[in-house]
Amino acid sequence: MLKEYFIGITKEAINLSARAGKLGEMKDFEGELFCDKPKNPDFGDFAINISSLAKVARIAPPQIASAIIEQLPENDYTVSVAGGFINFKLGTKFLQNILNEVASKGENYGRTNLGGNKKVNIEYVSANPTGPFHIGHGRWAAVGSSLSDALKFAGYDVFQEFYINDAGNQIDKLGMSLELRVRELKGEKIEMPEDSYRGDYLIECAKKYIEENSSEDFSEYAKIEMLRQQKELLEQFGVHFDLFFPESDLYKNGEVETAVEKLAPYLYENEGATWFKSSEFGDVQDRVIKKADGANTYLTADIAYHYNKLKRSDELINIWGADHHGYIARIKASVEALGGDPNCVTVLLGQLVNIIQDGEAVRMGKRKTMVTLEDLIDEVGVDGVRYWMLMRSIDTMLDFDIDLAKSQSDKNPVFYVQYAYARCCSILRKAIETRFDTVDKKELAPFLTQNEFEAALKTPPTLPKSNDVDPSFKKLILKLEEFNEVIEAIARLKAPYLLCKYASELAGDFHHFYNYNRVLTEDKNETAMRICVVNCTKTVMGIVLKLIGVSAPERM
RNA sequence: GUCCACGUAGUUCAGCAGGAUAGAACGUCACCCUCCUAAGGUGAAUGUCGGGGGUUCAAAUCCCUCCGUGGACACCA
């Protein structure tokens, strides 16, 4: 990465000048330097602020900066000092190297080994198999899926998992609800109780049950049917899990029992229930593991589940809704009590999704008719929903304006980035197409022959001198280079929304470039040079769109 | 009451491992297609970065406090 390069040579230069006694009282440099891209391009392409050295050196920042730049190695850049800033302006050699790298690495451009093959288990969605997904599940599906793909790209060994809560009493309720619907369809007059699942989807399920003349247990039948529908929708949404882990398996395999036994030193009885001393491990209070009626709580199986996951992973990531925030401490407590490292568990708490309808926020769950994820995808399309759900940091509440998504779907930000990709494709197509004279309709040779075209894609022709490079051209190339940083930042911050941010910036820089530089001209060398940049943009945008989980259309 | 997240332009948000004049999109206004897709670009207007303290050469960014919004505080899952 270029930032790292400039930090490296600057550190080296600091040490050289310090040893030469040019940096006042400073002897050895300790600490960190940060390299930024100045907002104002007149300053340069990269900048390092060395003001923090003034305290140790006890001389003014500009003086320090001037001493440092004398020790910088020769390369194709120019350096200037402004206050405490050392500004670097790149020559074309750097730009050329960037293009070479994108061209040679292709769809692997930006891939790193940062993760060192660390085994990361990422669990998300994990909805109850008691009904269709709602809009909120869509957010975790999009975020989890893109984060997984980005982490793979950053060199992690990622395993995506969906936990099926199929062992609690809500499954009994589901079965009871289905049974009532079946009896209703057979002509019986029934009343759906308060605590039953009253959504219409169970009527459909009941019809199927009757059609198939099934005699299966109602709970089992409904569960399998709901799960089948959920898996189908996830597939349609482009979300792929490596494993659907049923909670009931933990009981079948005796893993819940084993976990409880291992937890024994921290268990006690009170008022007929069994409690886990989670407060000893930082939780605000102790938690019930076995209720007075003898049944386990949801937590009990979840403890066993995390124990199971930890045995086969180096790190666990859970994506949960903000309403589960109180749950983190008890899970981490159990991990520690079972001898694991609670720091291996990262919980990403995502704020909930608000539905905006008729210009008003409707809190989820308070609606009379729930908007399902499936409905939303039908209305807006997979691309729109995935982009929209991923676009914002999970720390902020997401307002999903249904009317806006429906009525102004062409205003959807995903079009902006897809359009940039389509534009690239279009230019590349046109470069080798036969042309016709606009006046006399005579056939003209393509801008580039097939050979010239392929050569341009492989290696960029020599770029003009730095001063003659169009600013928008340079900015675009530097944005391509920035992709490396974006991948690194996503892995570090576990913030996949940065993909959307980058995609939109890259698209912006490309559209800007497009408006200032005619790509296809009679000047073959210039055409080849620009074709190369267009192709590199297409490559990088293609990678990003794939990670975001939306399509990369060649035409729009 | 305790815990978590958030509060930046009319609106939705970015920026927050402190740094050079606080950015984008949408909306408003004015421009740019004889030629590669105008689903695009350029320019203009709009800000007490919730209030108040503090740390620092430097604070939207870090700390404290107050206010506001959403969420969580089960022998539910």
Side-chain angles (χ1 to χ4, degrees), chain A residues 32 34 36 38-40 42-43 47-52 54-55 60-61 82-85 87 128 130 165 167-171 173 195 247 270-275 284-285 287-299 301-302 321-329 349-352 354 356 361 363 391-399 401 404 408 410-416 418-420 422-431 433 435 438-439 447 472 492-493 497-498 500-501 504-505 507-508 510-521 527 530-531 534 555-556:
Chain A
E32 262 191 285
F34 294 100
D36 295 301
K39 279 167 238 151
N40 184 342
D42 293 341
F43 291 130
I48 291 178
N49 189 319
I50 50 77
S51 301
S52 57
K55 203 162 207 171
F85 289 92
N87 293 313
N128 293 339
T130 54
N165 302 142
N169 55 24
Q170 86 279 10
I171 291 294
K173 280 186 203 161
D195 62 345
E247 179 185 2
N270 188 25
E271 292 179 16
T274 307
W275 294 70
V284 288
Q285 64 171 85
R287 306 292 170 179
V288 170
I289 284 291
K290 194 184 275 278
K291 298 183 261 184
D293 67 6
N296 287 325
T297 62
Y298 173 81
L299 175 66
D302 215 12
D323 51 338
H324 287 71
H325 132 75
Y327 209 77
I328 301 173
L349 269 193
Q351 298 300 308
L352 303 175
N354 274 325
I356 311 269
R363 279 175 58 202
M391 202 165 59
R392 308 259 111 102
S393 154
I394 61 165
D395 286 336
T396 76
M397 271 181 290
L398 183 65
D399 289 331
D401 189 325
L404 187 88
Q408 307 190 352
D410 59 329
K411 287 261 158 57
N412 201 311
V414 70
F415 284 94
Y416 183 73
Q418 287 180 320
Y419 182 50
R423 228 178 200 179
C424 291
C425 295
S426 172
I427 295 170
L428 294 171
R429 273 196 305 271
K430 284 265 157 64
E433 262 175 21
R435 296 176 288 157
T438 42
V439 183
F447 288 105
S472 68
R492 178 165 48 87
L493 303 169
Y497 78 95
L498 294 172
C500 293
K501 190 173 161 250
S504 143
E505 287 169 1
F510 175 71
H511 289 312
H512 186 76
F513 158 80
Y514 174 89
N515 273 274
Y516 279 87
N517 298 271
R518 169 131 194 123
V519 178
L520 304 175
T521 65
T527 300
R530 292 184 182 149
I531 275 290
V534 170
R555 296 166 201 272
M556 282 177 81

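When reading the values below, keep in mind they use all heavy atoms of this one structure, side chains included, and skip hydrogens, waters and symmetry mates. Quantities reported herein were computed from a predicted structural model and do not represent experimental measurements.
- The distance from atom NE2 of A:His324 to atom C1' of B:rA77 is 7 Å, rounded to the nearest whole Å.
- A:Arg287 comes within 4.0 angstrom of nothing in the nucleic acid, heavy atoms only.
- Across B:rC76, B:rU56, B:rG71, the shortest atom-to-atom separation from the side chain of A:Lys55 is found for B:rU56.
- B:rA14 and B:rG7 are spaced 7 Å apart, taking the P atom of each and rounding to whole Å.
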Under the 3.5 Å Watson-Crick or G-U criterion, the dot-bracket string of RNA chain B, with | for inter-strand pairs: (((((((..((((.....[...)))).(((((.......))))).....(((((..]....))))))))))))....

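- B:rG19 has no base stacking with the ring of A:Phe85 when judged by centroids under 5.5 angstrom apart and an interplanar angle below 30°.
- For A:Lys501, counting side-chain heavy atoms from C-beta on, the closest listed nucleotide (B:rC75, B:rA14, B:rA17) is B:rA14.
- Using a 4.0 Å heavy-atom distance criterion, A:Asp36 is classed as making no nucleic acid contact.
- Closest heavy-atom contact between A:Pro38 and A:Phe43: CB-CB, 4.0 Å.
- Nucleotide B:rG70 holds its P atom 10 Å from the CG atom of A:Asn354, rounded to whole Å.
- Regarding A:Asp399, its CG atom lies at a distance of 13 Å from the P atom of B:rG71, rounded to whole Å.
- Regarding A:Leu398, its CG atom lies at a distance of 10 Å from the P atom of B:rA14, rounded to whole Å.
- Contacts of A:Ala47 with the nucleic acid, taken as non-hydrogen atoms under 4.0 Å apart, include base atoms.
- In this entry the distance linking CD1 of A:Ile289 with C1' of B:rC76 reads 15 Å, nearest Å.
- In this structure, A:Asp42 reaches neither bases nor backbone, as no heavy-atom distance under 4.0 Å exists between it and the strands shown.
- For B:rA20, its base sits under 3.5 Å from the side chain of A:Asn87 at one donor and acceptor pair at least.
- Taking atom P in both B:rG23 and B:rC16, one finds a spacing of 14 Å when rounded to whole Å.
- A sub-4.0 Å separation between OP1 or OP2 of B:rC76 and a side-chain N or O of A:Lys291 is present.
- For A:Asn49, the side-chain atoms get nearest to B:rG19 when compared with the rest of B:rU12, B:rG19, B:rA72.
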Can you name the atoms? Protein N/O to nucleotides 1-6 of chain B N/O, anything below 3.5 Å, with the distance.
unit_1 : atom_1 : unit_2   : atom_2 : d
B:rC3  : O2     : A:His325 : NE2    : 3.0
B:rA5  : O2'    : A:Asp395 : O      : 2.6

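- One C1' atom belongs to B:rU48, the other to B:rU42, and the distance between them is 31 Å to the nearest Å.
- Across every non-hydrogen atom of A:Phe447 and A:Arg518, the tightest pair is CZ-NH2, 4.4 Å.
- A:Tyr497 comes within 4.0 angstrom of the backbone, heavy atoms only, and of no base.
- Residues A:Ile531 and A:Leu428 form a side-chain contact, since some pair of their non-hydrogen atoms from C-beta on lies under 4.5 Å apart.
- As rounded to the nearest Å, B:rU69 and B:rA74 have P atoms that lie 23 Å from one another.
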Take A:Gln351 and A:Arg392 through the side chain to side chain contact (heavy atoms under 4.5 Å, CB included) test and state the conclusion after the steps. CA-CA 10 Å; A:Gln351 298 300 308; A:Arg392 308 259 111 102; over 6 Å; no

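- Across every non-hydrogen atom of A:Ala47 and A:Phe85, the tightest pair is CB-CD2, 4.3 Å.
- Aromatic ring orientation, A:Tyr514 versus A:Phe510: tilted (interplanar angle from 30° to 60°).
- Taking the C1' atoms as reference points, B:rA45 lies 47 Å from B:rG1, given to the whole Å.
- Closest approach to the A:Val519 side chain among B:rC36, B:rC75, B:rA77 is made by B:rC36 (side chain taken as heavy atoms from C-beta onward).
- The gap from the C1' atom of B:rU56 to that of B:rG68 amounts to 29 Å, rounded to the nearest Å.
- When rounded to the nearest whole Å, the span between CG of A:Asp323 and P of B:rU69 equals 20 Å.
- Taking the O4'-C1'-N9-C4 or O4'-C1'-N1-C2 dihedral as appropriate, B:rC33 has a value within 90° of 0 and is therefore syn.
- Among the atoms of the strands shown, base atoms are found under 4.0 Å from some heavy atom of A:Pro38.
- For A:Asn128, whose side chain is taken as the heavy atoms from C-beta onward, the closest listed nucleotide among B:rA77, B:rA14, B:rA39 is B:rA77.
- Look at A:Lys39 and you'll find a side-chain N or O under 4.0 angstrom from OP1 or OP2 of B:rA20.
- The separation between A:Met391 atom CE and B:rC13 atom C1' is 8 Å, rounded to whole Å.
- Per the geometry, CZ belonging to A:Arg518 stands 9 Å off P belonging to B:rC35, to the nearest Å.
- A:Ala292 comes within 4.0 angstrom of a nucleotide base, judged by non-hydrogen atoms across all strands.
- Formation of a donor-acceptor pair under 3.5 Å by the A:Asn517 side chain with backbone atoms of A:Phe513 is found in this model.
- When heavy atoms are screened at a 4.0 angstrom cut-off, A:Gly326 is found touching the sugar-phosphate backbone but no base atom.
- Looking at heavy-atom distances under 4.0 Å, A:Gln418 makes no contact with the nucleic acid at all.
- If you check every strand for non-hydrogen atoms under 4.0 Å, A:Thr521 touches nothing.
- Contact detail for A:Tyr327 and A:Leu299: the closest heavy-atom pair is OH-CA, 3.2 Å.
- The two residues A:Leu352 and A:Gly321 come nearest to each other via the heavy atoms CD2-CA, 4.3 Å.
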Could you go over nucleotides 40-44 of chain B and give all protein N or O partners under 3.5 Å, atom names and distances?
unit_1 : atom_1 : unit_2   : atom_2 : d
B:rG40 : O2'    : A:Arg423 : NH1    : 2.8
B:rG40 : O2'    : A:Asn515 : ND2    : 3.3
B:rG40 : N2     : A:Asn515 : OD1    : 3.2
B:rG41 : OP1    : A:Tyr416 : OH     : 2.6
B:rG41 : O4'    : A:Asn515 : ND2    : 2.9
B:rG41 : O3'    : A:His512 : ND1    : 3.3
B:rU42 : OP1    : A:His512 : ND1    : 2.8

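- Using C1' as the reference atom, B:rC35 and B:rU28 are 32 Å apart when rounded to the nearest Å.
- When heavy atoms are screened at a 4.0 angstrom cut-off, A:Asn270 is found touching base atoms of the nucleic acid.
- If you check every strand for non-hydrogen atoms under 4.0 Å, A:Ala420 touches nothing.
- For B:rC76, neither phosphate oxygen OP1 nor OP2 lies less than 4.0 angstrom from any side-chain nitrogen or oxygen of A:Tyr327.
- On the C1' atoms, B:rG51 is 23 Å away from B:rU46, given to the nearest whole Å.
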